Structures are given as structure tokens and as C-alpha cells.
Undergrad: 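I am attaching a structure below and will ask some questions about it afterwards.
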Amino acid sequence: MPSGITARFLDKGDVDHFVFTAKKGVKHTIEAETYEILSPAEVYLIVKDAKGAELAKSNPANTPARIDFTPTADGDFTIYAEHLNFMPGPTEVYHLTIKEAGPDFDVQLQLDRLALAPGTTTLVPVSPAVRRDYTGPIELSIIGHPGFSGTVILPNAPPPPPNVPAPPLAFLPITCKADVPIGGYNLQVIAKATVAGKEIIRIATVTDVVKTSFNNLTFPPREMLTSIGVAVTDKPLFSLAIKFDNSEVLRGVAANVTVTATRAAGFAEEIQLASAIVPANVAIAAKPIPKGANEVTFPITPAAAAAYGPIPLTFRGTAKAAAKDYAYYSAPST
């Protein structure tokens with residue numbers, strides 16, 4: 001080890017067996033890839049000891065099939081691999097890998113497409129990361145066309161209960177430069193962390209969103225699973241900016257925030273404001289920007305139990321013009 005081998009379930013009732021030697025207390029990752037190699041197979045894995053006792057098994061609800069296994073004694077162990085749906089055939093191929101486990105993580109976004117006006121920002125919700133032996137910060141950043149940028153740090157958070165949709169842990173801002181031409185663009189998000197001086201880089205996925213949009217298709221086009229489609233539209237009806245009266249606020253004491261709108265020529269309607277990010281234990285008394293005005297000031301009040309440190313703020317502005325609804329975000333500020 002580490003080792004990999006490719007096999008297939010050719011005949012009815014096919015069960016493949018792979019023996020490996022492992023030491024007590026050393027964690028191993030066992031994984032069977034299928035979709036990644038364009039195979040329709042679904043694999044079920046079991047680890048047994050030399051006496052045939054079952055020690056670990058994969059979760060059928062997870063793709064790819066995976067087991068994190070830590071022996072309680074030295075010895076030889078057997079991986080049993082079988083087809084989850086008992087469907088043999090020449091195309092039912094899988095690639096089995098086994099290696100000593102190390103710190104790792106996976107990040108999934110909750111949005112795979114968006115529209116963005118030049119010079120504006122939008123937010124992409126991020127699910128809590130799936131962490132394996134790593135609890136530190138994870139930095140997300142945009143890659144692709146140089147006209148787009150955005151970054152956010154994911155803190156550690158407990159995973160949601162099984163079969164419960166994960167609420168957003170954070171929001172990744174995506175900002176479009178003012179000179180980006182109208183059109184369609186493809187972006188990706190990379191997730192980075194440093195563990196013991198070694199950098200770990202993964203590409204964030206949008207797997208659940210894509211599957212849902214394809215009526216829960218088990219194997220959607222894999223090139224879509226790491227892609228964010230961005231439509232750059234015409235110039236915005238208005239843009240928003242945040243400024244603070246003071247760079248610091250005290251617990252239990254209100255502080256003023258001013259939101260300023262830059263309006264397109266001819267647009268003077270009221271702009272409704274709402275906080276797109278709701279910090280814990282912070283009250284935000286957002287008010288609309290009145291018709292014909294370009295700014296509004298209102299208080300934010302950290303509670304006595306509010307955490308020390310920066311307060312992230314982003315506001316979503318909505319307005320009507322010519323019987324159409326428009327919405328834009330301010331760039332994030334703290």
C-alpha cells in the first residue's frame with residue numbers, strides 16, 4: 001500500500017475479494033470509484049478479519065463507496081466488493097484503492113449558476129465541509145476568467161444530521177469587474193488548507209444541485225459537477241456600497257451603518273434593503289433607501305453575548321422598474 005486495482009462484476013453473483021495487511025491503530029481509506037471512470041456500477045464494500053467477522057462496511061447512500069478503517073490488531077484483512085444492485089455485465093467496472101488515511105476534506109456549493117451585472121457582487125451559499133481528520137480553516141477562492149474574484153474562509157462546524165439538508169455555513173462572494181463583456185462564463189472554486197506544512201487543494205463541487213436539476217439522475221454529466229455557470233448581464237440598475245461611522249463597535253451599543261446606492265440614469269425608485277448575512281447575536285435594523293435618495297443610515301447592535309471579532313455584512317437591495325424586479329448585492333464588508 002498504497003495500491004489500486006481495477007475489476008468488474010462480470011457474472012451474476014460476482015463477489016471480489018482483496019486481502020491486505022495492516023497494523024493496529026493505523027487508519028486506512030478504502031474507496032471504489034465508478035462514476036469517475038465512466039462506469040455505471042455501484043459498489044458495496046465490506047471489510048472482514050481473518051476469521052470472517054465483519055469489521056466495517058460502506059454506506060450505500062454515499063458515492064463513491066468508501067470505508068475509513070482502523071484495525072484494532074495487526075493482521076490480514078479482506079475487502080469484499082459486490083454490486084450494490086446485483087447488476088453484472090461487461091461495463092460494471094470499478095477501481096478500488098487503499099491507502100493510509102491523512103487529513104482531507106470535501107466542499108460543496110449550493111448554487112451552480114447565477115446572473116451577475118458588471119461591477120456587482122453576488123453570494124454563493126456553501127455547505128459545511130466534509131472533514132476527515134482536519135478541523136482547521138479552509139480557504140475558498142474563484143478561479144477561471146480574470147474578470148471574477150472572491151474568497152471566503154470556512155470555519156470548522158459540526159456536520160448536519162443524516163438525511164437533513166445542510167444549511168449554508170458561509171457565503172462565497174463573487175465579484176464581476178466593471179469591464180467584463182456580456183456573455184456566459186465558466187468558473188470553478190478551489191478549496192485550500194495547510195496541514196503540517198503541506199498544502200491540500202480540492203475543487204469544490206455542486207453535485208447535489210446538479211443531480212436535483214436532472215431529476216435526481218444518479219450519474220449526471222461529470223464535467224458539470226465542478227462548474228459554476230455565470231451569465232454577465234447588462235449594466236446594473238443600481239449598485240450598493242457599505243460604510244461605517246466607526247471601525248469598531250461595542251457589545252450592547254448601537255453603531256451606524258450607511259448604505260449608499262449608485263443609480264443608473266433615470267432610476268429613482270425606492271430600494272428595499274435586507275441583510276444577506278445574519279451574524280449571530282447582532283441586530284440589524286435595515287431600512288430602505290427612499291425614492292430619489294442615494295443613501296440610508298441605520299443602526300446595528302451587537303448583543304452582550306456577541307462574539308469578539310469582525311462582523312461580516314452584505315446587503316441585498318431589491319427594486320422595481322418598468323414592472324420588472326431587480327436585485328443586487330453589496331460587496332461584503334466588515
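Numbering starts at 1 and runs along the sequence shown. Values below: every heavy atom of this structure, side chains too, minus hydrogens, waters and symmetry copies. The structure presented is a predicted model; accordingly, all values stated were derived computationally and were not measured.
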Undergrad: Is any side-chain heavy atom of Ile289 less than 4.5 Å from a side-chain heavy atom of Leu240?
TA: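 Heavy-atom side-chain distance check passes, below 4.5 Å.
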Undergrad: Less than 4.5 Å apart, side chain to side chain, heavy atoms only: is that true for Val232 and Phe148?
TA: yes
Undergrad: For Asp76 and Thr21, run side-chain hydrogen bond (donor to acceptor under 3.5 Å, both in side chains): C-alpha distance rounded to whole Å, both residues' side-chain angles, the deciding distance at 0.1 Å, then the answer.
TA: CA-CA 4 Å; Asp76 290 341; Thr21 302; 2.6 Å; yes
Undergrad: How close do Ala178 and Pro118 get, counting heavy atoms only, and between which atoms?
TA: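 Minimum heavy-atom contact is O-CB, 3.5 Å.
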Undergrad: Any link between Tyr328 and Leu172 through a network of hydrophobic side chains (Ile, Leu, Val, Met, Phe, Trp, Tyr) touching at under 4.5 Å?
TA: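 Different hydrophobic clusters.
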Undergrad: Between Arg113 and Ser227, is there a donor-acceptor pair closer than 3.5 Å when you use the side chain of the first and the backbone of the second?
TA: no
Undergrad: Measuring centre to centre across the rings, with the benzene-like ring taken for any Trp, is Phe9 within less than 6.0 Å of Phe86?
TA: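 Ring centroids of Phe9 and Phe86 are no less than 6.0 Å from each other.
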Undergrad: If you measure from the Lys or Arg side-chain nitrogens to the Asp or Glu carboxylate oxygens, is any gap between Arg131 and Asp106 under 4.0 Å?
TA: no
Undergrad: Would Met224 end up clustered with Val189 when hydrophobic side chains under 4.5 Å apart are linked, directly or stepwise?
TA: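 Cluster IDs for Met224 and Val189 match.
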Undergrad: Report the distance from atom OG1 of Thr63 to atom CD of Glu33, rounding to the nearest 0.5 Å.
TA: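 Answer rounded to 0.5 Å: 12.0 Å.
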Undergrad: Which atom names give the shortest non-hydrogen contact between Ala117 and Asp234, and what distance separates them?
TA: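 Closest pair (atom of Ala117, atom of Asp234, distance): CB-O, 3.4 Å.
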Undergrad: Please determine, by modelled atom types, if His95 and Thr6 share a side-chain donor-acceptor pair under 3.5 angstrom.
TA: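 A pair is found: one side chain offers a donor N or O, the other an acceptor, under 3.5 Å apart.
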Undergrad: Are Asp68 and Thr29 linked by a side-chain donor-acceptor pair shorter than 3.5 Å?
TA: yes
Undergrad: Grab the two heavy atoms, one from Ala306 and one from Asn281, that are nearest each other, plus how far apart they are.
TA: CB-O, 3.6 Å
Undergrad: Is the backbone N or O of Leu45 less than 3.5 Å from a side-chain atom of Ser58, with the two atoms forming a donor-acceptor pair by type?
TA: yes
Undergrad: Within this structure, what is the OG1-CG distance for the pair Thr262 and Leu237, rounded to the nearest 0.5 Å?
TA: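 Output value for this atom pair is 12.0 Å.
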Undergrad: Identify the heavy atoms of Ile182 and Thr233 that sit nearest to each other, and give their distance.
TA: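 Result for this residue pair: CG1-O, 3.3 Å.
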Undergrad: Looking at Asp104 and Arg202, does any basic side-chain N land under 4.0 Å from a carboxylate oxygen?
TA: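 Looking at Arg202 together with Asp104, the answer is yes, because their closest N to O distance falls below 4.0 Å.
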Undergrad: Please tell me whether His83 and Glu42 have a donor and an acceptor in their side chains that are separated by less than 3.5 angstrom.
TA: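 Looking only at side-chain atoms, Glu42 and His83 do not form any donor-acceptor pair under 3.5 Å.
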Undergrad: Check for me, please, whether Tyr326 and Val259 land in the same ILVMFWY cluster - side-chain distances under 4.5 Å, paths through other members count.
TA: yes
Undergrad: For Asp16, is there an ion pair with Arg8 - N to carboxylate O distance below 4.0 angstrom?
TA: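 Salt bridge flag = no for Asp16 with Arg8.
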Undergrad: About how many Å separate OG1 of Thr135 and CZ of Arg132, when rounded to the nearest 0.5 Å?
TA: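 Here the rounded value is 14.0 Å.
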Undergrad: Can a side-chain donor-acceptor contact be found between Thr226 and Gln188 if the only test is distance below 3.5 angstrom?
TA: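 Their side chains do contain a donor-acceptor pair, which is all the 3.5 Å distance test asks for.
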Undergrad: For Ile200 and Thr194, run side chain to side chain contact (heavy atoms under 4.5 Å, CB included): C-alpha distance rounded to whole Å, both residues' side-chain angles, the deciding distance at 0.1 Å, then the answer.
TA: CA-CA 6 Å; Ile200 302 174; Thr194 301; over 6 Å; no
Undergrad: How long is the span from the OG1 atom in Thr34 to the CG atom in Leu84, to the nearest 0.5 Å?
TA: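 Here the interatomic distance stands at 10.5 Å.
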Undergrad: Is the shortest side-chain N to carboxylate O distance from Asp325 to Lys320 below 4.0 Å?
TA: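 Yes, charged N to carboxylate O under 4.0 Å.
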Undergrad: For the backbone of Met87 and the side chain of Asn85, can you confirm whether one donor and one acceptor N or O come within less than 3.5 Å of each other?
TA: no
Undergrad: Between atom CZ of Phe171 and atom CG of Leu123, what is the distance when rounded to the nearest 0.5 Å?
TA: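 Those atoms lie 6.5 Å apart.
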Undergrad: Tell me, with the steps shown, if Ile30 and Ile79 meet side chain to side chain contact (heavy atoms under 4.5 Å, CB included).
TA: CA-CA 9 Å; Ile30 303 165; Ile79 301 169; 3.8 Å; yes
Undergrad: Considering all heavy atoms of both residues, which atom of Glu295 and which atom of Lys243 are nearest to each other, and what is their separation?
TA: OE1-NZ, 4.1 Å
Undergrad: For residues Tyr94 and Tyr44: do they belong to one hydrophobic cluster (side chain heavy atoms under 4.5 Å, members Ile, Leu, Val, Met, Phe, Trp, Tyr)?
TA: no
Undergrad: Under 6.0 Å between the ring centres of His28 and Phe69?
TA: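 Judged by ring-centre distance (under 6.0 Å), His28 and Phe69 do not meet the cut-off.
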Undergrad: Under 3.5 Å, side chain of Asn62 to main-chain N/O of Ala65, donor-acceptor pair present?
TA: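 No, because the side chain of Asn62 does not come within donor-acceptor range (under 3.5 Å) of the backbone of Ala65.
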Undergrad: Assess the side chains of Thr175 and Ser149: does a donor N or O sit below 3.5 Å from an acceptor N or O?
TA: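 No.
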Undergrad: For the residue pair Ile228 and Leu109, establish whether any side-chain heavy-atom pair is separated by less than 4.5 Å.
TA: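 Heavy-atom side-chain distance check passes, below 4.5 Å.
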Undergrad: Hey, is the main chain of Val19 close enough, under 3.5 Å, to the side chain of Thr78 for a donor-acceptor pair?
TA: no
Undergrad: Can you confirm whether Lys57 is buried at NZ, in the sense that more than 12 heavy atoms of other residues, nucleotides or ligands lie under 6.0 Å from that atom?
TA: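 No - once you tally the heavy atoms of other residues, nucleotides and ligands closer than 6.0 Å, there are 12 at most.
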Undergrad: Which pair of heavy atoms, one from Asp74 and one from Lys24, lies closest together, and at what distance?
TA: OD1-N, 2.6 Å
Undergrad: Does the side chain of Gln110 pick up a donor-acceptor pair with the side chain of Gln108 at under 3.5 Å?
TA: no
Undergrad: Does the distance from a Lys or Arg side-chain N to an Asp or Glu carboxylate O, for Glu31 and Arg66, drop under 4.0 Å?
TA: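 Yes, this pair counts.
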Undergrad: Taking C-beta and beyond as the side chain, do Asn256 and Ile300 meet within less than 4.5 Å on heavy atoms?
TA: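 With C-beta onward as the side chain, the pair stays apart.
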Undergrad: Do the non-hydrogen side-chain atoms of Ile277 and Leu313 ever get within less than 4.5 Å of each other?
TA: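 Result no, sub-4.5 Å side-chain heavy-atom pair not found.
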Undergrad: Evaluate the side chain to side chain contact (heavy atoms under 4.5 Å, CB included) criterion for residues Tyr35 and Arg222: first the C-alpha distance (whole Å), next the side-chain angles of each, then the deciding distance (0.1 Å), finally the verdict.
TA: CA-CA 8 Å; Tyr35 176 67; Arg222 62 177 180 170; 2.8 Å; yes
Undergrad: Looking at side-chain heavy atoms only, is the closest gap between Asp133 and Lys27 below 4.5 Å?
TA: yes
Undergrad: Going through the checks in order, is the side chain to side chain contact (heavy atoms under 4.5 Å, CB included) test met by Leu187 and Ile143?
TA: CA-CA 6 Å; Leu187 303 179; Ile143 59 173; over 6 Å; no
Undergrad: Using side-chain heavy atoms (C-beta onward) and a distance below 4.5 Å, is Lys192 in contact with Glu199?
TA: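 Yes, close enough: below the 4.5 Å cut-off.
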Undergrad: Heavy-atom distance under 4.5 Å between the side chains of Phe20 and Met1, does that happen here?
TA: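 A side-chain contact under 4.5 Å exists here.
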Undergrad: Hey, do the aromatic rings of Tyr329 and Phe315 have their centres closer than 6.0 Å?
TA: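 No - the distance between ring centres of Tyr329 and Phe315 does not fall below the 6.0 Å cut-off.
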Undergrad: Would you say the side-chain atoms of Ser39 pair up with the backbone N or O of Thr91, donor to acceptor, closer than 3.5 Å?
TA: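 Yes; at least one donor-acceptor contact below 3.5 Å.
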Undergrad: Linking I/L/V/M/F/W/Y whenever any side-chain heavy atoms sit under 4.5 Å apart, do Val206 and Leu116 land together?
TA: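 Same hydrophobic cluster.
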Undergrad: How far does NZ of Lys177 sit from NE2 of His145, to the nearest 0.5 angstrom?
TA: 9.0 Å
Undergrad: Establish, yes or no, whether a centroid distance under 6.0 Å links the rings of Phe18 and Phe77.
TA: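 Not close enough - the centres of the two rings lie 6.0 Å or further apart.
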